[in-house]
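The sequence lines fix the lettering, A, B, ..., with proteins before strands; numbering per chain opens at 1. All of these numbers come straight from a predicted model, not from anything done at the bench.
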Amino acid sequence: MAGEGDGHAEPSEDDTLKYQLLGPSLTKAGQDAVDQQKVSEIIYNASKGSKFFNHEQERDRNQTIKIERLGKEKARLEKLDLSHDLRRADEYLAELELTRDLTQFVVHVDCDAFFAAVEELDRPELKTVPMAVGKGVLTTCNYLARKFGVRSGMASFVAKKLCPQLVLIPSNYDKYTAKATEIRAILAQYDPLFESASCDEAYLNITAYCNENQMDPEEAVQRLRAEVLENTNISVSAGIAPNAKIAKICSNKNKPNGQFRVSNERTAVMEFMRDLPVRKVNGIGRVFERELESIGIKTCGDIYPYRAFLTKLFGEKAFQFLGQCYLGLGRTKIEPVGTHERKSVSTETTFHEIGDNEELRSKLRWAAEEMEKDLARTQFKSRTLCLKVKLHTFEVLTRQTAPPRAVSQAKDIYTYALPMLVKLEKEIPGMKLRLLGLRCSNLVSTKKTGLNFFGFTAQPKPSTLTETPERNNEHEIDAEEAFESAARQEVQDEMNELEQLSQEAASPEIAESNSAEDVPVVEPPAQWECPICGRPQAADDRVFNVHVDFCLSRQTIREIAQESPQEESSSSMSTSRKRKTPNAATSTDVDPRQKRLFFR
DNA sequence: GCGGATCAC
DNA sequence: TATGGTGATCCGC
């Protein structure tokens, strides 16, 4: 914690900066026995004077200013009558409490020092020495290295200062993904619909497994972990809890090679959260931690006495998120990542400082070519293009533009990105960059699915690194789930097609400028009736899509209204939605994913 | 809608 | 000597 050890509650400027320099993974496992004071000193001295350091210092100063404002605002609020805010907060918490679901067993599985562990399988001699994977920046390190204060995300030259004998291994992602696939095959036996959170993490809902096998969740997870270890030689840690948020926190509790459970009782959950540092919660990082600490919130239990202040100090979204933290609520619905919708594709690279305009153009051309490949791989075109640069001072700038038509080819991307770069060169005389990148958003799918809306012919999903095993190959999967999966995919494709159409309607020239394989041919049924409202519709594909989409939304709202109002118990900060009206059932702000209810 | 900032892994 | 890449979300304007 910042300021610790100086005998003062108020952290000094250096303390916050040093804490910042320690990196984001301070709270991770394997650091308990480390003298943080000493480590922090070494990192500080290794970094001092560098451009990176100066930038961090600048950021730290800005945060301090923000926190000072926060303190003044809090002092101002304390003099006001907040009874209205207090009542509102209590009403919201009561509302949240009604959504609590304690019927599910959710598990978060986390591989221990995954990349390092995989490397150790190939070269067992690495097990006995401090070792890290990565080049300029470490992606993972083994537990021997952590004893020296070495952490993921740390610059390797700093790590070498902490631990001169540290062995560095270049990363080999293909190897890790292959291993991850082996592990996922085992996870699927416990929950075929498990969710890959990343290469080395997954969420499972083992409620059905436990019921079918008459097994205690802890016993089931013991078995799961043993099975993974036996078959793949990778040790994993796990958290068991009534929801994903707590399960995630629990998986870190007994790392490595351990597990921890918070039982499905309200008192157990509340007690667990009460003393839990807010930083342990997914979504609360170093900055928010500092802000919360400055007003007196260190643990999730501390949130409650401040409930009346939170909206005015941090905004509505943060208030709702913190409310869920205090109550220990989280999602219980675990679903494969394939069901999520991609929002952007991006590429960026760091290089040594470049000021020469010609050289920068060459970097931009390269980025555009990378982007073309990525868009082809993910099967998208893009209607919004964003240029990202990092100056030699580490300051990051972005500039965004909307090309007249969706782009997918390198030459088009370059054409529309170049003016942004030129403008930046003019704005910043003598501009020197250390990074250049491109991001595409407002995506339009180019997947060829045909338009058999009611045929439900599922398309095989592109297999990305974190994708779950192909559901269609798992013959033991419930037929209804497979059906639902296909339906979800269809709805997704449908919406993408709709976007594609609207985009083409706006710019007719695109249909000519692209070859047939880029743009799927749209063949709607000649005549049809809307399956929802039953009304006959004109055989115009655009109207068809718009109408069905509209009807689907309406249908969904009706269905949700009929179901219990607890449908969506809660969600994490990143997925939480507006909730101005207290009752979600009457809200028209429907999560698109809920449209699948129609297919039940 | 845009740009900056934060967060996770 | 030297501090990453990808994707997402939220806020203020």
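Residues satisfying the side-chain contact (heavy atoms from CB on, under 4.5 Å) test with A:Ser294, not counting sequence neighbours, are A:Ile67, A:Leu70. Taking A:Phe309 as the reference, nothing meets the ring pair (Phe, Tyr, Trp, His ring centres under 6.0 Å) condition, with sequence neighbours excluded.
Salt bridge status for A:Arg88 with A:Glu316: present, with a side-chain N to carboxylate O gap under 4.0 Å.
Using a 4.0 Å heavy-atom cutoff across all strands shown, A:Lys160 reaches no nucleic acid atom at all. A:Arg286 comes within 4.0 angstrom of the backbone, heavy atoms only, and of no base. Using a 4.0 Å heavy-atom cutoff across all strands shown, A:Glu56 reaches no nucleic acid atom at all.
Note: CD (A:Gln400) to P (C:dA8) measures 14 Å, nearest angstrom. One interatomic measurement links the two molecules: CG of A:Leu375 to P of C:dT6, which rounds to 13 Å at whole-angstrom precision. Note: CD (A:Gln320) to P (C:dT9) measures 16 Å, nearest angstrom. In this structure, A:Lys423 atom NZ and B:dC2 atom P are separated by 12 Å, rounded to whole Å.
The distance between the ring centers of A:Phe314 and A:Phe321 does not fall below 6.0 angstrom.
The phosphate of B:dG4 (OP1 or OP2) has no side-chain N or O of A:Asn62 nearer than 4.0 angstrom. Considering only side-chain N and O atoms, A:Ser344 lies under 4.0 angstrom from the phosphate OP1 or OP2 of C:dA8.
For the pair A:Lys447 and A:Phe380, the cation-pi test (distance below 6.0 Å, angle within 45°) is passed.
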Any protein N or O atoms within reach of nucleotides 2-5 of chain C? Criterion: under 3.5 Å, listing atom names and distances.
residue, atom, partner, partner atom, Å
C:dT3, OP1, A:Arg434, NH2, 2.1
C:dT3, O5', A:Arg434, NH2, 3.4
C:dT3, O4, A:Ser47, OG, 2.3
C:dG4, OP1, A:Arg434, NH1, 3.0
C:dG5, OP1, A:Thr350, N, 3.0
C:dG5, OP2, A:Thr350, N, 3.3
C:dG5, OP2, A:Thr350, OG1, 2.4

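Taking the six-membered ring where tryptophan is involved, the planes of A:Tyr173 and A:Phe115 are perpendicular, since the angle between them exceeds 60° and thus also 30°.
Checking C:dC10, B:dC7, B:dG3 against the side-chain heavy atoms of A:Val287 singles out B:dC7 as nearest.
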